[in-house]
Amino acid sequence: MAPQNDSPPLLEVRNLSIEFPTRRGTLVAVDDISLHIDQGEVLGVVGESGAGKSLTGNAIIGLLEHPGRIASGEILLNGKRIDNLSYEQMRRIRGRDIGAVFQDPLTSLNPLYTVSRQLVETIKVHTDLDTGAARARALELLEAVGIPAAKERLSSYPHEFSGGMRQRVVIALALAAEPRLIIADEPTTALDVSIQAQIIALLKRLCAERGTAVMLVTHDMGVIAETADRVAVMYAGRVVETGPVASVIQNAHHPYTSGLMGSIPHMKHGVNRLTQIDGAMPRLNAIPQGCAFNPRCEKVFDRCRKERPELISIEQNEVACWLYQSDVGGVS
Amino acid sequence: AEEFRWAGQGDPSSMDPHAAAVGTNLSFLGNIYDGLMRRGRDMSLQPSLALSWAPVGSDGWRFNLRQGVTFHDGASFTADDVLFSFERATGEGSDVGTWFASIDHAEVVDDFTIDFITKQPNPLFPNEIANWMIMDRDWAEANGATSASKEEPNFSRFNTNGTGPFKLESRQADVRTVLVANDGWWDTAEHNVTRATYTPIGTDATRIAALLSGEVDFVNPIPLQDVARVNGAGGFSVIEGVETRVIMLGMEHQNDTLHDSNVTGVNPMKDVRVRQAVYHAIDIDSIIENVMRGQALPAGLLISPGANGFKDEFNTRLPYDPDRSRQLLADAGYPDGFSLLFRCPNDRYINDEAICQAITAMLAQVGIQANLQTITVSNYWPLLREDDFDMYLLGWSPGGSLDASHPMRFLMHTPDPEKRLGSWNFGKFSNATIDSLVPQIVSEVDAGRRQDMIDQVHGIMRDEVAYVPLHVQPLVWAKSDNVELTQRPDNFFNLYWVRVN
Amino acid sequence: MTDTNTRLLYRIYDSDIGYSFRKSRIAVAATIVTLIYFLAAIFAPLVAPTNPYDLASLNLSDAFTPPAWVEGGSSKFLIGADDQGRDLLSAIIFGARMSLLVGFASTFLAFVIGVSVGLVAGFRGGMVDAILMRIADIQLSFPAILVALLIDGVARSVMPSDMHDTIALWVLIFSIGISGWVNFARTVRGSCMVERGKEYVQAARVIGIKSTTIMVRHLLPNVMGPVLVIATIQLAVAILLEAALSFLGVGMPLTKPSLGTLINTGQNFLYSGEWWITIFPGVALAILVLAVNLVGDWMRDALNPKLR
Amino acid sequence: MIAFAVRRFIQAIVVLLAVSLIAFVMFKYVGDPISQMVGPETPIDQREALREQLGLNDPVPLQFMHYLGDVVQGNFGRSFRTGLAVDRVLLERIPATLELAIVAVLYAVVAGIPMGVYSGLYPDRWLSKFFQTVSLIGISLPTFFVGVILIYIFGPTLNLLPTFGRGEVVHIGFWSTGLLTVSGLKSIILPAFTLGMFQLTLIMRLVRSEMLEVLRTDYIKFARARGLSNRAVNFGHALKNTLVPVITVIGLQLGQVIAFAIITEAVFQWPGMGLLFLQAIQFADVPVMSTYLLVVAVFFVAINLVVDLLYYVIDPRLRLDRAVAQGG
Amino acid sequence: MSDAPVIGPAMTKSGTLMRVEGLKRYFDVSPPLLNRWFEGRPRQILKAVDDATFDVERGKTLSLVGESGCGKSTVARCLVGLHKPTGGKIEFDDIVVTASGTDHFAQVRHRMQMIFQDPFASLNPRWRVFNIVAEPIRAFGLIDAGVALTRRVHELLDLVGLTAEDGKKYPHEFSGGQRQRISIARALASNPEFLICDEPTSALDVSVQAQILNLMRDLQDEFGLTYLFISHDLSVVYHMSDSVGVMYLGRIVEIRSAAEFFAGPLHPYSQLLLETIPSLENIGVARAPLAGEVPNPLSPPTGCAFHPRCPFANDRCRSERPSLREVNGGLAACHGVEENRISETQQL
Ligand SMILES: Nc1ncnc2c1ncn2[C@@H]1O[C@H](COP(=O)(O)OP(=O)(O)OP(=O)(O)O)[C@@H](O)[C@H]1O
Ligand SMILES: Nc1ncnc2c1ncn2[C@@H]1O[C@H](COP(=O)(O)OP(=O)(O)OP(=O)(O)O)[C@@H](O)[C@H]1O
Ligand SMILES: [Mg+2]
Ligand SMILES: [Mg+2]
């Protein structure tokens with residue numbers, strides 16, 4: 001679903017690479033990836049642990065941690081580059097244009113300040129509201145994220161909330177300045193199963209109401225399936241497949257994606273042996289030449305070991321796999 | 001209004017003049033209290049509260065007292081106060097009782113005359129009580145300070161009422177004591193000090209820094225090595241003198257075995273040859289030059305030049321002669337030497353620890369391995385009293401009497417607690433002749449006969465090597481050039497000789 | 001065997017820590033300096049020009065010889081002689097030996113006590129932990145220097161006095177060691193509480209491994225990281241504390257001087273121009289402590305995953 | 001809150017009891033007080049009588065009970081050496097030590113925290129490295145050595161500052177302060193600098209490493225993600241979170257400072273408790289020593305109490321009860 | 001013992017291997033004494049496991065599911081002796097392991113083993129893999145050190161898909177999935193018949209999870225192992241179990257054969273749990289999230305603990321605690337099911 005009109009996508013990531021200089025050379029953690037998110041769209045980013053999902057998210061809000069750095073590529077918000085802004089310029093964008101929700105609600109809130117203080121502080125940074133008005137707005141936000149008895153809970157400290165409640169507060173904080181994009185990095189992994197659904201539903205509802213786009217980083221395919229409009233599957237720092245959610249899930253092209261789908265235990269498929277992808281994702285310092293997935297791939301052939309595949313459009317999806325490169329023709 | 005500030009090593013432990021017969025206290029309190037007599041700059045006895053004194057009858061001394069003297073609180077001074085001070089000084093808790101060992105009783109003759117009746121003739125009595133200070137009976141009784149005892153809350157430990165040139169203005173023990181001039185003093189003041197502040201500073205370096213940075217006008221003592229520095233600093237000068245204190249080595253004379261030695265079952269020190277060997281092993285000139293920085297006199301006697309009974313011809317030392325020393329040891333049966341426990345204070349005498357170290361090294365060169373143990377003085381005396389040593393370092397000053405008999409009574413006479421004799425003779429040196437001579441010397445009035453007996457004792461002392469005298473300790477004071485003051489050989493410092501310009 | 005050894009050495013060399021070590025010039029320099037001190041201390045009798053303990057060899061007339069390059073100096077006494085005519089360089093080497101001995105032994109003592117207490121408290125928890133930690137609290141309310149002064153004072157009065165100098169070393173080691181165990185105990189306890197909840201400990205318990213074995217074989221190696229850092233810091237602290245005690249007059253005796261004792265004696269000659277007697281031991285001490293601290297500092301950063 | 005206070009109080013009492021027991025038992029065996037109390041000439045029988053009279057021959061537990069009883073009544077006995085009531089002597093000395101300790105810690109805090117924050121925020125700048133280096137030297141130099149050298153430099157050589165004592169003091173009630181006179185202020189500079197140097201280093205290093213750690217936490221990252229200004233993040237969020245451990249250490253250090261003042265006081269002849277204690281040790285002045293110990297312990301306990309309360313103010317998590325925190 | 005069988009005895013017997021009756025494990029989490037005195041706070045007992053009764057069939061897998069904090073791990077720990085049960089009886093192969101007075105645990109200890117959740121924390125980072133795997137063998141004295149031991153460890157490593165060479169490495173040199181394999185090798189080292197697996201894959205990526213789950217099933221088939229499998233992921237449970245027990249706040253609320261359970265759970269909580277499983281089929285269809293918060297286990301609701309979140313709760317549910325009753329071949333603790341208010345077919 002590439003943008004049909006002329007206006008640029010809300011967010012566009014072009015050929016982004018992120019690297020870590022180490023003593024044994026530079027590790028490329030995110031390797032030349034491109035993504036885009038449209039207004040109000042939910043982009044799911046899935047992939048195994050270490051695939052580079054969080055780094056991508058952090059790079060977008062300009063919070064890459066030292067010594068990680070953007071090696072190349074551009075990040076554009078509404079067509080304007082934001083990857084080369086100064087700290088101060090970027091600060092204005094953070095919270096106001098791009099909000100963030102991190103994985104662990106236990107540690108995302110400053111334990112020493114009340115919830116209201118943290119909310120008011122955030123609201124005041126981005127708006128002209130005075131303290132009173134900011135408090136009123138804070139209360140509205142808490143009510144919006146479904147905190148019961150929000151008025152009383154305003155002056156509570158983070159530790160007085162349960163995990164689910166805390167994540168609601170975090171979402172409220174991320175939405176405080178009505179950003180147009182939220183980067184949600186595994187917002188539910190630390191939460192209980194029964195709460196996860198609540199939080200995802202909340203996030204989805206709020207963003208839909210406000211027309212906020214979401215980049216939802218997760219490794220839970222189920223969450224993606226029910227939430228995302230489009231999916232990007234990452235493997236070893238690269239996007240291997242991207243496309244509309246239904247198409248990626250039901251009609252995966254990349255051997256990794258299809259393997260991934262197969263390895264998820266399905267309730268409705270009977271108790272069969274799970275499809276398994278042998279081996280593990282390579283470490284950054286040992287990413288194989290060519291297609292990073294080639295050592296684990298059942299359909300590997302020579303070219304995979306030598307050349308790196310680029311994303312090409314196959315049906316609704318874009319896939320980075322030599323199988324679908326028409327000039328050579330795959331094994332299939 | 002002249003302010004004078006000075007610093008010393010330690011603080012007087014009490015403001016009670018009878019509480020401790022310690023130089024620090026007596027020297028300091030001498031500014032507040034007067035005695036019947038006082039010592040002049042040359043140590044000569046001079047009238048103070050007593051105008052004159054003379055033997056009365058065969059066994060006594062009569063003191064004619066000064067009239068018109070008042071205590072700081074305005075009360076007038078009479079013979080009764082002297083009697084009271086005598087009772088107090090010989091009473092419980094007093095540390096100065098030994099000064100009156102020869103006194104049987106005192107009799108007030110009239111308001112300004114008092115007799116002290118001795119048990120037997122004591123020609124030295126006035127000398128012995130030169131540091132005795134007179135207190136006011138009424139004041140003491142009114143304030144419950146009739147005894148010098150330490151443990152009760154004793155008013156006199158923190159308050160004074162003397163007749164002396166200075167009054168106690170304020171006192172913070174161990175921190176600072178302030179004196180102000182007594183305008184009503186009976187003597188005409190030689191000093192021009194109106195206010196004097198004393199600060200004890202324990203650390204040598206800090207004390208000297210205080211002088212050099214102008215925070216005090218006078219310090220006592222300064223380390224020997226800093227003499228040149230003070231003299232060279234400009235605006236400061238060092239006053240050096242010879243103290244009456246003789247530094248010596250004591251040895252174990254009686255025990256049959258040593259405390260810590262590789263020879264067991266025998267006490268080599270009982271052999272006079274061994275004691276001589278120790279004597280010959282010591283290069284006193286090197287010690288004086290290097291440790292004492294040339295500022296001490298070698299000593300051959302236990303008294304210093306100037307003391308009553310001192311004779312130069314007896315003041316010669318056995319020469320430094322390590323070979324002879326080794327020979328003597330071999331003769332005595334210790335060709336390979338032996339080891340012993342050598343005790344030494346580390347904060348009592350000038351450079352005591354360094355002296356002992358040097359001696360240890362010198363003894364090692366002739367084969368005597370001294371196991372040197374240095375310790376703070378407050379723990380040192382108990383060890384000596386417990387006989388826990390083989391050899392030790394001691395310094396002796398003949399107190400107020402400045403007489404040759406003083407060290408004889410304390411250091412040479414066989415220990416006799418009854419008669420309070422030999423009480424510092426830790427090595428239990430014992431010689432019958434000396435024991436019989438000492439009482440005679442003490443009571444002999446005829447100077448010639450007395451000197452003969454003293455010489456006899458000194459002869460025995462040296463032949464027997466009862467002690468190994470080392471040197472006479474120097475006095476090293478330092479002052480800023482704008483003050484004039486007088487150093488007395490007994491290391492007493494008198495404010496009434498101070499002039500601030 | 002040598003093969004495994006070299007492989008181990010290579011592994012250490014090649015590890016992250018080895019790398020961060022090689023990269024930090026300061027750490028390398030500090031380690032070299034520390035090593036030099038150690039070697040000099042261990043081989044003092046071979047390294048030092050003279051034996052400063054041999055009193056018979058001292059000559060009082062050598063006293064106060066200034067350093068060789070100063071006027072009046074003698075090549076016999078490279079950095080001068082002290083007030084007893086002792087070669088200062090030898091005295092410093094032997095003094096460093098004493099300081100290091102006291103430092104090491106007391107740190108080891110503190111280590112043994114602290115780690116044992118910490119292990120037991122952290123592993124057992126509950127009452128045992130509460131009691132041990134209260135004891136640690138009480139110990140903490142006696143600052144190290146007080147503890148050391150106290151123990152020293154007590155030892156001196158309880159022991160027969162002619163043993164003072166003989167036991168001075170042990171008393172110092174004991175008193176400094178005792179005053180330093182709490183840090184070890186607290187750290188170990190903290191790490192232990194974290195570690196004992198980890199599943200590898202439970203896995204060991206499931207197969208019925210005895211508690212003491214678990215503590216020693218499983219927990220101990222895993223809590224050693226921070227302990228090493230503390231040990232280095234404690235070593236520096238112990239050396240300084242020993243020097244301070246010597247300054248207060250309860251340290252090593254003059255006949256077996258440590259660096260602190262040397263400074264303390266030398267201090268008396270600062271004003272009289274014989275500065276070398278105190279300055280050189282002072283500088284020697286400062287460099288030693290600095291080097292140890294630098295090593296500790298580097299180790300703290302290198303071993304702290306949160307900081308790298 | 002009450003329970004918290006009571007628990008703290010009981011702990012304090014236990015600590016104090018333990019301290020007094022240790023103090024008492026230890027000092028029971030230090031030196032021989034009698035030989036300090038009487039002159040060297042006093043005969044044995046008088047010594048024995050005094051020993052009996054002072055209760056030094058009673059069984060030890062009885063002596064301890066007596067001691068405790070006295071302490072509770074505010075009677076700490078009399079100094080063997082000076083005969084003064086110990087509480088009075090110590091009370092006289094407390095202001096000197098406290099002023100020294102507080103000035104030292106204040107200086108350490110005032111200089112140490114900004115230095116630590118700076119080098120935590122900008123670990124790679126040369127000034128941070130400079131601070132780091134200087135601070136390491138600060139903890140590597142023996143205090144007494146520094147003191148001696150400082151005296152040498154500022155006293156006789158430059159003649160700038162007083163080198164001993166407190167200078168003029170002003171009495172306000174029982175308190176004597178040197179902070180109100182010029183000479184008093186000048187006098188405190190060198191000793192406070194010497195004493196505080198070590199603390200400064202500690203505080204600086206601690207703040208730095210805490211800062212580095214806090215800056216890596218999620219809530220700081222999240223605060224940045226919310227678009228808060230650098231200032232608000234660094235000082236509003238990060239610094240406050242570093243304060244909890246820093247306050248503990250400062251609290252503990254104040255106790256340490258009071259004890260380490262012994263050395264500084266000895267070098268600068270500062271008329272505080274430490275000097276008194278040192279003299280007391282030398283003279284085996286048991287009452288002074290044990291009371292000093294008690295006083296230090298009381299300070300320590302009091303400081304700890306204050307620190308705990310400060311925690312309580314700073315860190316809301318502590319206001320919550322353990323069980324509830326777990327259950328939620 | 002060098003001729004010890006390479007693999008545990010393949011159990012041919014059938015029947016109950018582990019029988020748990022009325023298992024209780026309480027924790028005293030009372031506030032400190034002083035708080036109780038001064039703030040009038042009561043003693044607080046956390047009933048982590050309350051009255052759990054179940055059997056595990058030989059060679060079969062029983063799964064326990066439930067939200068975080070419902071007591072799954074506590075059950076597991078009681079079984080392997082990490083916790084001493086507060087009450088109840090545990091029988092292993094007809095040996096009473098825990099009952100008042102008797103303790104035959106040492107007898108059966110080597111016959112059961114545990115696999116833990118966190119592959120990063122469950123291996124001692126300072127030990128070589130060889131020693132980690134050999135530890136149980138040594139602890140139980142199964143094989144004397146030497147060649148036999150080495151051979152045995154290599155066999156075990158091989159069994160879980162690692163190589164003998166891997167034994168020389170340290171855990172940090174392995175990926176999460178490989179570490180979990182090492183855990184399994186260690187667990188198999190003492191030839192156990194019964195393996196307790198506490199969320200063995202929840203820390204792993206799905207692709208790796210599949211490897212581990214497959215391996216576990218292979219091992220079960222090969223050696224007739226019995227599993228108690230703990231998970232909060234119902235799709236994994238579905239894949240692994242023969243029967244399923246659902247826990248809520250320390251109690252077992254439903255226990256049935258897996259087939260029946262997944263065909264139609266009885267207890268409303270089970271139904272809700274099943275609902276929350278994200279499905280890859282229903283793309284874009286939001287799950288109906290289970291409302292409400294996980295209750296505080298310290299003050300569990302009266303009556304049926306689930307009633308505040310239960311759409312079918314009535315007054316009886318609020319006041320009377322249901323006990324496990326036989327329903328349709330399984331057991332369920334629900335008044336609604338008992339009263340037929342809720343049928344298994346009724347979907348929410
Ligand atoms: N500071 C760093 N130094 C070196 N490598 C790093 C650093 N931070 C991250 N990486 C590496 O970058 C890669 C991508 O990390 P990232 O956090 O983006 O993964 P992720 O996809 O978010 O995984 P997860 O699902 O575990 O959160 C990982 O291999 C990680 O090891
Ligand atoms: N040692 C303990 N002391 C006190 N409470 C405990 C202890 N261990 C567990 N609990 C409590 O017992 C309850 C059950 O814990 P348990 O670990 O068995 O839950 P679980 O079902 O395994 O949860 P999870 O899915 O998070 O692992 C929880 O409320 C927990 O807080
Ligand atoms: Mg991530
Ligand atoms: Mg669990």
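Below, read A as the first sequence line, B as the second, and so on, with proteins coming before strands; counting in each chain starts at 1. These values consider heavy atoms only, across backbone and side chains, with no hydrogens, waters or symmetry-generated copies.
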Next on the checklist: As an exercise: rank E/Ser190, E/Pro125, E/Ala139 by heavy-atom pairs under 4.5 Å with chain C and give me the winner.
Outcome noted: E/Pro125
Next on the checklist: Among E/Asp118, E/Val80, E/Asn124, which residue has the highest count of heavy-atom pairs closer than 4.5 Å to chain C?
Outcome noted: E/Asn124
Next on the checklist: Can you tell me which portion of E/Phe116 sits under 4.5 Å from chain C's heavy atoms? Options are side chain, backbone, both or neither.
Outcome noted: both
Checklist entry - Which of residues 110-134 of chain C get closer than 4.5 angstrom to chain E, counting heavy atoms alone? => result none
Item to check | Best-contacting candidate, E/Ala189, E/Pro136, E/Ser183, E/Ser122, against chain C by heavy atom pairs under 4.5 angstrom | outcome: E/Ser122
Item to check | Heavy-atom contact with chain C under 4.5 Å, split by part of E/Arg138 | outcome: neither
Item to check | Contacts of E/Phe54 that satisfy ring-ring contact (aromatic ring centres under 6.0 Å, His included) - sequence neighbours left out | outcome: none
Checklist entry - Just wondering, are more than 12 heavy atoms of other shown residues or ligands nearer than 6.0 Å to CZ in E/Phe140? => result yes
Next on the checklist: Applying a heavy-atom distance below 4.5 Å, give me the residues of residues 200-234 of chain C that approach chain E, sorted by number.
Outcome noted: C/Tyr200, C/Gln202, C/Ala203, C/Ala204, C/Arg205, C/Val206, C/Ile207, C/Gly208, C/Ile209, C/Arg217, C/His218, C/Pro221, C/Asn222
Give the table of side-chain donor-acceptor pairs shorter than 3.5 Å for residues 31-38 of chain C, with sequence neighbours excluded, one pair per line with atom names and distance.
residue	atom	partner	partner atom	Å
C/Thr31	OG1	C/Ala27	O	2.6
C/Thr34	OG1	C/Ala30	O	2.6
C/Tyr37	OH	C/Ala284	O	2.6

Item to check | Side chain, backbone, both or neither of E/Leu123 within contact of chain C (heavy atoms, under 4.5 Å) | outcome: backbone
